[in-house]
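Values below: all heavy atoms of this structure, side chains included; hydrogens, waters and symmetry mates excluded. Values in this document were obtained by computation on a predicted structure and should not be read as measured data.
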Amino acid sequence: MRVYLSTFSLCIAIALLSLVFLFSKHDAESFSAGFKAPLEPSVVKNLNGVKAKQRPTATTPHRLADVAHKVNSPGQREPLMQLAVVACGERHGEAVNMLKTAAMLSSRALRFHIFAEEQLHTNIKTVLDSWPAFIRAKFSYVVHPISFPHENHEEWSQLFKPCASQRLFLPMILKEVDSLLYVDTDVLFLQPVELIWDMLTHFNSTQLVAMAPEHEELRIAWYKRFSRHPYYGKTGINSGVMLMNLTRMRMTQFKNDMTSIGLHWDELLMPLLQKYKLNITWGDQDLINIIFHYNPEMVFTFPCHWNYRPDHCIYGSNCIPAEKEGVFMLHGNRGVFHSNKQPAFKAVYDTFKHYTFGEDLIQSFLLPLEEALNGTTHTYCGKVSHLFARGLGKSVRKLQRMTPAGG
């Protein structure tokens, strides 16, 4: 009888364990299955412009402390720098101009992840494929469809600006990518991408994202004056330039004000939106601020000249690192690249846009830029516009020396 009972109990235990395994597997797969749009990219191009096949990537679990950005040993090929942008509506022109600045100034291999509406894919691919071979040799690209979880798709897609909140879902969509630099469409690189990419090597064991403060001056800080929700630090952070260790983001459990236990990134987003949607102004950036208010040890803060915005000059110059070293990344938020409100910002955008690859970088790019900036000194930001060209001028002259005649 005892043998019978022991055998019966063992069978019951095995059956229960099997059921637990099946339910846990179903829960883990449910998020990916909930995306309304297919996650497969519409096109993948390698560094030679040839369509490449995607291969599944095996993943191995690690402890968080063991997951750092991968730095190659001497003699190994450097990994691709992964750059993401989300372009909807009329923003695809800005996105292409941003990618142009990245390809133009960088010397390491890049992979662009471009998230765009289906009707924009052909136009984006046509422009990128039209660039000369010596530029296309620097990068590969993947054009992805816009994809949100099926439930609440409309709510996510229209949060703040169309498709802007797509960045929140990049850790779940780009499962094979270890680290990623996300930038808004209205950002221009004035220095090589590798300079900000290498900040990943400075993350400590708890840090998994890097961003710049929203403001330098506490007295004019928007979050301090107007926010109706928690935010990071004293002034909040700006998510227009966001460097991420996606592996850590997928693994980490985040403290929050909704549950007594930590939640993974994909578990956190929807409850957070439901709780704070009536209190947020800047959409996904506000949600990011709320998350890292409760997890400040996870943020690596980089200086303001890596995300230089009109707020750094319209009230007087208040970005000290830019005054010392120049502006490294120019963020033309509030539409200043396309209006005459801040002509210094517009001058930089237009100069990049009108430059043709292969032309003399000094005569056809740098000198016209400096001349255009000199015509903006009657404005507050124009008074410090020499900072826009300081580091850029050094990079352009270096590129000119390295670029062979005719390209």
Side-chain angles (χ1 to χ4, degrees), residues 43 45 47-49 80-88 90-116 120-143 181-197 240-241 306-308 327-333 336-338 345-370 372-373 388-389 391-400 402-403 407:
V43 64
K45 292 287 188 75
L47 294 174
N48 295 317
L80 291 172
M81 298 183 294
Q82 310 270 355
L83 176 63
V85 65
V86 179
C88 284
E90 298 178 355
R91 307 304 290 266
H92 72 281
E94 279 187 346
V96 168
N97 206 34
M98 179 277 293
L99 296 173
K100 183 178 183 180
T101 68
M104 176 176 167
L105 296 174
S106 298
S107 58
R108 289 193 212 159
L110 288 154
R111 169 158 289 202
F112 299 149
H113 294 273
I114 306 158
F115 291 81
L120 302 177
H121 288 198
T122 299
N123 182 277
I124 292 171
K125 290 181 278 185
T126 299
V127 174
L128 297 182
D129 291 344
S130 72
W131 291 349
F134 78 96
I135 293 294
R136 284 186 285 113
K138 293 183 176 186
F139 69 90
S140 58
Y141 70 84
V142 188
V143 183
L181 174 61
Y182 167 87
V183 295
D184 283 349
T185 59
D186 54 0
V187 169
L188 301 173
F189 288 90
L190 307 187
Q191 288 291 292
V193 178
E194 47 263 36
L195 296 186
I196 188 170
W197 183 259
V241 179
W306 283 108
N307 188 350
Y308 192 94
V327 175
F328 288 178
M329 293 181 72
L330 195 67
H331 188 172
N333 61 347
V336 296
F337 285 152
H338 311 291
F345 281 76
K346 187 175 187 295
V348 180
Y349 182 88
D350 288 345
T351 303
F352 273 111
K353 182 179 178 180
H354 296 143
Y355 173 72
T356 300
F357 285 124
E359 292 181 344
D360 186 276
L361 282 163
I362 305 300
Q363 297 299 321
S364 300
F365 177 78
L366 188 59
L367 293 181
L369 173 61
E370 291 174 343
L373 291 175
F388 298 1
L392 178 60
K394 293 178 182 177
S395 294
V396 165
R397 290 186 176 90
K398 182 179 179 181
L399 274 176
Q400 179 81 337
M402 295 170 59
T403 304

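When all heavy atoms of N333 and D186 are compared, the pair lying nearest together is CA-OD2, 3.3 Å. Listed here is the closest heavy atom pair of L80 and A109: CD2-CB, 3.4 Å. Heavy-atom minimum distance, E370 versus A389: CG-CB, 4.5 Å. S364 and E359 make their closest contact through CB-OE1, 3.4 Å (heavy atoms, listed as atom of the first residue, atom of the second, distance). Closest approach of L99 to W131, counting heavy atoms only: C-CH2, 4.0 Å. In this structure, S395 and Q191 approach most closely via the heavy-atom pair OG-NE2, 3.0 Å.
With sequence neighbours left out, I362 forms a side chain to side chain contact (heavy atoms under 4.5 Å, CB included) with D360, L366, L367, V396, R397, Q400. Partners of N97 under the side chain to side chain donor-acceptor pair (under 3.5 Å) rule, at least two apart in sequence or in another chain, do not exist in this structure. For N123, the side chain to side chain contact (heavy atoms under 4.5 Å, CB included) partners at least two apart in sequence or on another chain are H92, V127. T185 meets the side chain to side chain contact (heavy atoms under 4.5 Å, CB included) test with V85, A87, R91, E94, A95; sequence neighbours excluded. Take K100 and apply the salt bridge (Lys or Arg N to Asp or Glu O under 4.0 Å) test, not counting sequence neighbours, and it matches no residue. Every residue meeting the side chain to side chain contact (heavy atoms under 4.5 Å, CB included) condition with P132, not counting sequence neighbours, appears here in chain and number order: F134, I135, F357.
Between Y308 and L190, the closest side-chain pair of non-hydrogen atoms is not below 4.5 Å. Looking at F365 and L399, their side chains never come closer than 4.5 Å, going by heavy atoms from C-beta outward. Using a 4.5 Å heavy-atom cutoff, the side chains of N307 and M329 are not in contact. M104 places a side-chain heavy atom less than 4.5 Å from the side chain of L361. Here the side chains of V348 and V327 are not in contact, with every heavy-atom distance at 4.5 Å or above. Taking 4.5 Å as the limit, some side-chain heavy atom of I196 sits within range of a side-chain heavy atom of L181.
Judged purely by atom type and a 3.5 angstrom limit, E194 uses its side chain to pair as donor or acceptor with the backbone of S107.
Distance check: L369 CG to H354 NE2 gives 13.0 Å after rounding to the nearest 0.5 Å. Atom-to-atom distance recorded for D129:CG and R136:CZ is 7.0 Å, nearest 0.5 angstrom. In this structure, K125 NZ and S130 OG are separated by 14.0 Å, a value rounded to the nearest 0.5 Å. Rounding to the nearest 0.5 Å gives a distance of 12.0 Å between CG of L330 and CZ of F189.
Between F337 and F345, the ring planes lie tilted relative to each other; the angle falls in the 30° to 60° range.
One finds a salt bridge joining K346 and D350 here, because a Lys/Arg side-chain nitrogen approaches an Asp/Glu carboxylate oxygen to under 4.0 Å.
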Applying side-chain contact (heavy atoms from CB on, under 4.5 Å), run through M98 and F352 and close with a yes or a no.
-> CA-CA 9 Å; M98 179 277 293; F352 273 111; over 6 Å; no
Can you check side-chain contact (heavy atoms from CB on, under 4.5 Å) on W306 and V241, steps first, answer last?
-> CA-CA 8 Å; W306 283 108; V241 179; 5.7 Å; no
Take L83 and Y141 through the side-chain contact (heavy atoms from CB on, under 4.5 Å) test and state the conclusion after the steps.
-> CA-CA 9 Å; L83 176 63; Y141 70 84; over 6 Å; no
Could you go through the side-chain contact (heavy atoms from CB on, under 4.5 Å) check for V193 and F139 one step at a time?
-> CA-CA 12 Å; V193 178; F139 69 90; over 6 Å; no
